[in-house]
**Student:** 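Have a look at this one before I ask anything.
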Protein chains: 2
Amino acid sequence: MEQKNKAERSPAARNDGRGKVTSYDVASLAGVSQSAVSRCFKPGASISAKIRGKVEKAARQLGYQPNAIARGLISGRSNIVAVIINNLTNLIYPEVLSELNQKFAQHGQHVLLFTLSRESDVDRVLDQVWQYQVDGIVAAAQFTDAQLAACEARCTPLVFYNRIYPNHSVASVCCDHEEGERLLVEGLLRSGRESFAVVSGPADSAVSTARTHGAINALKSAGIPYRQIEGDYSYECAKGIVNSLLAKDSRKINAIVCANDVMAIGCIDQLVHVHGMRVPEDISVVGFDGVSAASWENYNLTTIVQPVSRMVDAAVQMLIERIESFDLPVEKRIFSGKMRFGASASLR
Amino acid sequence: MEQKNKAERSPAARNDGRGKVTSYDVASLAGVSQSAVSRCFKPGASISAKIRGKVEKAARQLGYQPNAIARGLISGRSNIVAVIINNLTNLIYPEVLSELNQKFAQHGQHVLLFTLSRESDVDRVLDQVWQYQVDGIVAAAQFTDAQLAACEARCTPLVFYNRIYPNHSVASVCCDHEEGERLLVEGLLRSGRESFAVVSGPADSAVSTARTHGAINALKSAGIPYRQIEGDYSYECAKGIVNSLLAKDSRKINAIVCANDVMAIGCIDQLVHVHGMRVPEDISVVGFDGVSAASWENYNLTTIVQPVSRMVDAAVQMLIERIESFDLPVEKRIFSGKMRFGASASLR
DNA sequence: CTGAAAGCGCTTACAG
DNA sequence: CTGAAAGCGCTTACAG
């Protein structure tokens, strides 16, 4: 390799059109050692005011920024965290992602984003994650045992968002899906509903599984019959499900429990606009999440609002702690959602 | 420094609990040179099948992944692109971000996400961007002249998303906001509307400025009076704006042109549910974007649908090209949106 | 407090 | 095709 050490370059060649300014350039302009420059950019390093002044001036003149890649290589800290999210089109995730990004930034961490099109993509994504030597992972996706083991083997801190592994010792932040559904179902029962449909999300969604489980458990322990239909979290599928629910000549239902708000909205639109039914007089509909559309006048959903901001706070804090010391005891933080008493079901 | 070259470690120490496996570890296990290992992970490098076999086997045994940080340091390519987005809560951006991420992944690029809380954050964000030696930038935010110059000076390819700098030579992908608004307004005029309100987004949004400008231009050239009110893209503000529009004892309006879909939805809810008006019989409402809620049965917006997928394709392709060769001629690609003939305004 | 030097884990001419 | 070696731009003991 013919590349010259930057410190030996002529001043004219310093800003060489590729705009790469190194600590050697700054050092030679400031008349100090490269180590001194490095120390000036390390918080808490011991450096005299005189040298600091010279270095800062030179750095400003040259537009120097330390190379985070080189820094990461030597220090073993990339200051990058991977955020692995299943599906951004779920209306709740953009808010989560935005908050994660802002809060990690406050800790000097940057978010490298990985989205999954299929669950099976996790392996492919983890390969990338290892390559980038991330300091930690926030995952809103389902991991296999082998994938959990890989994170453990590589000593990469991992915090799950909105899913819990009951049989594994992994850190996680979660909304209490089961409790939320129980509260909704119990409220519906108190309000006199007695014929239920439970609309779940896609089968591979752990969040949907937990919510559906919560709803069905509450119904079972009350001895109430129900029908369960699998949806996919989408508005469109909810409309189709309403059609099939009403087409059946079986007993009429008067409460629909949806695994998320968007499906609840789809149900309401189909019930009201296509079938001419009244919500909640003829039939109650409840959702889960507390997306912004849930409070739109036309829907005014009864739903469980996830405490997104607090959950994200917790996830960020847990991951940052684990980056500092990997062997912290595992913790699972489960947040209760807040009931939103809307007009799509009259609960007290 | 007391660290030993990994190749000299005893086999037992290889996987040392920090899970760091280097190309030296693979090389010594495979009985080849470190260079050979490196070549096996470089697409298109010349390597014999025999060595490749040995290396791949050893790499698999050790769970080796090349360190992208070290690779980036030496090659000058981080394979990271920065995506700078103003506000993820704008309903259209999650879709954009998700598609950007998927499509960059197909080109081996990873997305480092930067969200802005204020426009003034761009400087802070760019500092981070420089530190991470990103290969390129996609920006859905407003840059100052100095910020544009900084990207130029550092030879960092930059593609703007949904904004154009008429007075600068910068690559960009944009929806034709002005044309879209013109089509909407002309349609409304043909349908007999003659008293308009134009609801714009926040003053610092270039997208809003372009859309508002387009609407007002079309109205002016038709000689039609209008009122302009500044909103903030939100549902809530739109409701308030409707109140103030109807409270005025001035001439009644019969068409509201909103700078985005969410405000159009807010207007409709307020008009219908609070003021008991009929849309579109009493008043027409149009939006812009084509978010999923625009096609919800209850709103069925007349709006302009941005060709998000094509626009993202274009942005990714443009940036990738510019990463390959920085000095490509600047290009601005402007996509026409597609009119959605909904029920919130009866255009033909 | 300061500087010289080793080393992080790779890629890439270079010589064979 | 293959290996030895230099070097990417930093951080960090170490000795002064």
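Lettering follows sequence order; numbering is per chain, from 1.
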**Student:** Using whole Å, report how far CG of A:N79 lies from P of C:dC8.
**Tutor:**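 Taking atom P of C:dC8 as the reference, CG of A:N79 is at 20 Å.
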
**Student:** If you find the nucleotide of DNA chain D closest to B:A70 and the one closest to B:G31, which residue's nucleotide is nearer the 5' end?
**Tutor:**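 Its nearest nucleotide being more 5', the pick is B:G31.
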
**Student:** Would you say B:S38 reaches C:dT11's phosphate, i.e. side-chain N/O to OP1/OP2 under 4.0 Å?
**Tutor:**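 Checking C:dT11 against B:S38, a side-chain N or O does come within under 4.0 Å of OP1 or OP2.
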
**Student:** Please report the interatomic distance CZ(B:R322) to CG(B:D135), rounded to the nearest 0.5 Å.
**Tutor:**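 Rounded to the nearest 0.5 Å, the CZ-CG separation comes out at 15.0 Å.
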
**Student:** Among A:V312, A:V138, A:V83, A:T115, which residue meets the side chain to side chain contact (heavy atoms under 4.5 Å, CB included) test with A:L97?
**Tutor:**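 Checked A:V312, A:V138, A:V83, A:T115 against A:L97; only one passes side chain to side chain contact (heavy atoms under 4.5 Å, CB included): A:V83.
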
**Student:** Output the rounded distance in Å from CZ (A:F41) to C1' (D:dT12).
**Tutor:**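 In whole Å, D:dT12 C1' and A:F41 CZ are 17 Å from each other.
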
**Student:** Is A:S46 near enough to C:dC1 that one of its side-chain N or O atoms lies under 4.0 angstrom from OP1 or OP2?
**Tutor:**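 For C:dC1, OP1 or OP2 has a side-chain N or O of A:S46 closer than 4.0 Å.
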
**Student:** B:S75 side chain N/O closer than 4.0 Å to the phosphate oxygens (OP1, OP2) of C:dT11?
**Tutor:**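 No, no such contact exists.
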
**Student:** Would you indicate, yes or no, if D:dG3 has its OP1 or OP2 atom less than 4.0 angstrom from a side-chain nitrogen or oxygen of B:S33?
**Tutor:**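 Checking B:S33 against D:dG3: at least one side-chain N or O falls below 4.0 Å of OP1 or OP2.
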
**Student:** Evaluate A:E99 against A:V316 for side chain to side chain contact (heavy atoms under 4.5 Å, CB included), listing each step before the verdict.
**Tutor:** CA-CA 10 Å; A:E99 294 231 25; A:V316 169; over 6 Å; no

**Student:** Give the rounded distance in Å between these two atoms: CD1 of B:I47 and C1' of D:dG3.
**Tutor:**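 Rounded to whole Å, this separation is 11 Å.
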
**Student:** At their closest point, which heavy atom of B:A59 faces which heavy atom of B:V26, and how far apart are they?
**Tutor:**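 What the structure gives for the nearest pair is N-CG1, 3.9 Å.
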
**Student:** Quick one: is A:S35 getting a side-chain N or O under 4.0 Å of the C:dT2 phosphate, OP1 or OP2?
**Tutor:**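 For C:dT2, OP1/OP2 do not have a side-chain N/O of A:S35 under 4.0 Å.
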
**Student:** Rounding to an integer number of Å, can you tell me how far B:N67 CG sits from D:dG9 P?
**Tutor:**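 Interatomic distance, CG of B:N67 to P of D:dG9: 16 Å.
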
**Student:** Shortest non-hydrogen contact from B:R52 to B:C40?
**Tutor:**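 Residues B:R52 and B:C40, closest heavy atoms: NH1-O, 3.4 Å.
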
**Student:** If you assign A:K50 and A:Q34 each to the DNA chain C nucleotide with the nearest heavy atom, which residue ends up on the more 5' nucleotide?
**Tutor:**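 On the 5' side of the pair lies A:K50.
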
**Student:** Hey, does the side chain of B:K42 come within less than 4.0 Å of C:dT12's phosphate (OP1/OP2), counting only N and O?
**Tutor:**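 Yes, because at least one side-chain N or O of B:K42 sits under 4.0 Å from OP1 or OP2 of C:dT12.
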
**Student:** Of the options D:dA4, D:dG9, C:dA4, whose atoms approach the side-chain atoms of A:R39 most closely?
**Tutor:**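 Shortest atom-to-atom distance from the side chain points to C:dA4.
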
**Student:** Taking a pair as Watson-Crick or G-U wobble with both distances under 3.5 Å, which nucleotide is matched to D:dC1?
**Tutor:**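 Base-paired to C:dG16.
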
**Student:** Quick one: closest heavy-atom pair of B:Q147 and B:Q142, and the distance?
**Tutor:**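 Taking every non-hydrogen atom into account, OE1-O, 4.1 Å.
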
**Student:** Between B:I74 (CD1) and C:dG7 (C1'), how many Å, whole number?
**Tutor:**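 For the pair B:I74 CD1 and C:dG7 C1', the rounded distance is 13 Å.
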
**Student:** Which part of the nucleic acid, if any, lies within contact of B:I51, taking any heavy atom under 4.0 Å across all strands shown: a base, the sugar-phosphate backbone alone, or nothing?
**Tutor:**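 Touches sugar-phosphate only.
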
**Student:** Would you indicate what B:S48 reaches in the nucleic acid, counting non-hydrogen atoms under 4.0 angstrom: base, sugar-phosphate, or nothing?
**Tutor:**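 Sugar-phosphate contact only - B:S48 comes under 4.0 Å of backbone atoms but never of a base.
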
**Student:** Does B:Y64 reach a base, just sugar-phosphate, or nothing at all? Heavy atoms under 4.0 Å.
**Tutor:**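 If one applies the 4.0 Å heavy-atom cut-off, B:Y64 turns out to touch the sugar-phosphate alone, with no base involved.
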
**Student:** How many Å lie between OH on B:Y24 and C1' on C:dG7, as a whole number?
**Tutor:**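 Whole-Å distance recorded here is 11 Å.
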
**Student:** For the pair made of CD in B:Q131 and P in D:dT11, what is the distance, rounded to whole Å?
**Tutor:**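 Computing the B:Q131:CD to D:dT11:P distance gives 10 Å.
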
**Student:** Could you state the atom-to-atom distance from CZ of B:R77 to C1' of C:dC10 in whole Å?
**Tutor:**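 After rounding, the reported distance stands at 17 Å.
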
